[in-house]
Amino acid sequence: MTATQESPVLSSLYQHSVADYWNAERNPVNLRLGEVDGIYHHHYGIGAVDWTVMDGPAETREQRTIAELHRLESAQADLLMSHLGPVKAPDRLMDAGSGRGGSSLVANQRFGCRVDGVSISEAQVAFANEQAERRGVADKVRFHFKNMLDTGFETGAFQAIWNNESTMYVELGLLFAEHSRLLKRGGRYVCITGCYNDAYGLPSRAVSEINAHYICDIHPRSTYFREMAANRLVPVSVVDLTAATIPYWELRAKSTLATGIEAAFLDAYKGGSFQYLLIAADRV
């Protein structure tokens, strides 16, 4: 599936290129992990690795490793959800850059509330809606072919919004302005993201490799806080997850699902040029 040039959702050639990338993406590291329990994530993992998965019969090692990688990415999603604040069943949430829908389904399971996912990938939107139908929650969890910079949703509609590793595809000032418009006063915004470390200087070679691999533009850490402040989003929690995500990458590098970008992530994290942050902020 290729994004049409006439699409009102995509406002630039770059957005068309990103949409085309994700419409065509069939990476086993995303698909095989989701097959474990039907929750398809598009983010990385956190926590200590159970290295015993590498032991035992060779013929089942891949199955054990995939299950462990999925456990770690599920732990990341659970951590994000735990920072969304006091969400109640009548509330409405938005998953900005929702991928194949995993985080939205997790949020509905946890809170019982309505969730709207938005993505510029029509293929991912169709896949995610099919998963919601299969799980019997399509009345509560819906995915939309929309641009998270201009969703068209009504002002103040959402109690909480999150980006899970999707902020590097957009200008943060535009993103946070839209999130601020959509959130109720006192609502919560959470992102988990990789950002380059301002103290290191300019982006390192490893960070540049990651940008090229995913056709994204990783932002410096300072830009997140500057643009949040400019758009009435006040951080209440900042968690450095860098050390917690390194074990995931070490296991992935040894797995059959390695894509070749693992060394760049490990070099960037261990060298200090790249950080993995959770930022939770209230709309004031």
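Counting from 1, the numbers follow the sequence of the chain as shown.
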- Message: Once salt bridge (charged side-chain N to carboxylate O under 4.0 Å, His left out) is applied, what residue pairs with a partner in residues 142-158 remain, sequence neighbours excluded?
- Response: Arg92-Glu154
- Task: Would you please name every residue forming a side chain to side chain contact (heavy atoms under 4.5 Å, CB included) with Pro90, sequence neighbours left out?
- Result: Lys88
- Looking at residues at least two apart in the chain, or sitting in another chain, which of them share a side chain to side chain contact (heavy atoms under 4.5 Å, CB included) with Tyr21? Tyr214, Ile215
- Flag the pair Thr256 / Thr65 as yes when at least one side-chain heavy-atom distance between them is below 4.5 Å, and no otherwise. no
- Distance-only donor-acceptor check, side chains Ser104 and Ser98, under 3.5 Å: no
- Minimum side-chain heavy-atom gap Ile46-Tyr248 below 4.5 Å: no
- Short question: side chain of Asn108, backbone of Cys113 - any donor-acceptor pair under 3.5 Å? yes
- Message: Is it the case that atom CD in Gln63 sees more than 12 heavy atoms from other parts of the structure closer than 6.0 Å?
- Response: no
- Is there a path from Val236 to Leu93 through hydrophobic residues (I, L, V, M, F, W, Y) whose side chains come within less than 4.5 Å of each other? no
- Side-chain touch Gln275/Cys195, heavy atoms, less than 4.5 angstrom: yes
- Message: Can a side-chain donor-acceptor contact be found between Thr245 and Tyr269 if the only test is distance below 3.5 angstrom?
- Response: no
- Message: Please enumerate all residues that pass side chain to side chain contact (heavy atoms under 4.5 Å, CB included) together with Ser166, with sequence neighbours excluded.
- Response: Met148, Asn163
- Message: According to salt bridge (charged side-chain N to carboxylate O under 4.0 Å, His left out), does anything in residues 45-69 pair up with another residue at least two apart or in another chain? List the pairs.
- Response: Arg32-Glu62, Glu68-Arg71
- Item | Side chains of Trp249 and Tyr276 in contact at under 4.5 Å (non-hydrogen atoms) | no
- Query: Under 4.5 Å between any side-chain heavy atoms of Ile66 and Glu35, yes or no?
  - Reply: no
- Query: Any side-chain heavy atom of Leu79 sitting closer than 4.5 Å to one from Leu241?
  - Reply: yes
- Residue pairs involving residues 250-277 (criterion salt bridge (charged side-chain N to carboxylate O under 4.0 Å, His left out); sequence neighbours excluded): Glu250-Lys270, Arg252-Glu262
- Does Ser222 have any side chain to side chain contact (heavy atoms under 4.5 Å, CB included) partners at least two apart in sequence or in another chain, and if so, which? Asp198, Pro220, Arg226
- Item | Between CD on residue Gln159 and CG on residue Leu182, distance to nearest 0.5 Å | 13.0 Å
- Item | Side chain proximity check, Leu33 to Leu257, heavy atoms < 4.5 angstrom | yes
- Do you reckon Val238 sits in the same ILVMFWY cluster as Ile161, going by side-chain contacts under 4.5 Å, direct or chained? yes
- Measure the OG-CD distance between Ser12 and Glu171 for me, rounded to the nearest 0.5 Å. 9.0 Å
- Item | Pair Ser11-Gln15, side-chain donor/acceptor within less than 3.5 Å | yes
- Check whether Tyr44 and Leu31 end up in the same hydrophobic cluster, where Ile, Leu, Val, Met, Phe, Trp and Tyr are linked by side-chain heavy atoms less than 4.5 Å apart. no
- Minimum heavy-atom separation for Arg135 to Gly38, with atom names? NH1-O, 3.6 Å
- Item | ring-ring contact (aromatic ring centres under 6.0 Å, His included) contacts in which one or both residues fall within residues 98-130, not counting sequence neighbours | Tyr40-Phe127
- Note on the structure: With sequence neighbours left out, the residues meeting salt bridge (Lys or Arg N to Asp or Glu O under 4.0 Å) with Arg100 are Glu25
- Given side chains that start at C-beta, do those of Lys140 and Val115 come closer than 4.5 Å, heavy atoms only? no
- Rounded distance (nearest 0.5 Å) linking atom CG of Leu172 with atom OG1 of Thr223: 6.5 Å
- Is there a chain of hydrophobic side chains (I, L, V, M, F, W, Y, each step under 4.5 Å between heavy atoms) that links Tyr224 to Val284? no
- Can you list the residues that meet the ring pair (Phe, Tyr, Trp, His ring centres under 6.0 Å) rule with His83, with sequence neighbours excluded? none
- Listed once per pair and sorted, the ring-ring contact (aromatic ring centres under 6.0 Å, His included) pairs that draw on residues 178-211, sequence neighbours left out: Phe176-Tyr189, His179-Tyr189
- Item | Check: Arg110 side chain, Asp78 main-chain N or O, donor-acceptor pair, under 3.5 Å | yes
- Task: Examine the side chains of Glu73 and His41 and answer whether a donor and an acceptor come within less than 3.5 Å of each other.
- Result: no
- Query: Measuring from Ile192:CD1 to His43:NE2, what's the distance to the nearest 0.5 Å?
  - Reply: 7.5 Å
- Would a distance-only check, ignoring hydrogens and angles, find a side-chain to backbone donor-acceptor pair under 3.5 Å from Asn147 to Leu10? no
- For the residue pair Ser121 and Asn23, confirm or rule out a side-chain donor-acceptor distance under 3.5 Å. yes
- Query: What salt bridge (charged side-chain N to carboxylate O under 4.0 Å, His left out) pairs are there with at least one residue in residues 179-194, not counting sequence neighbours?
  - Reply: Glu178-Arg181, Arg188-Asp282
- Query: Is a side-chain N or O of Asn231 found less than 3.5 angstrom from the main chain of Leu233, in a donor-acceptor match?
  - Reply: no
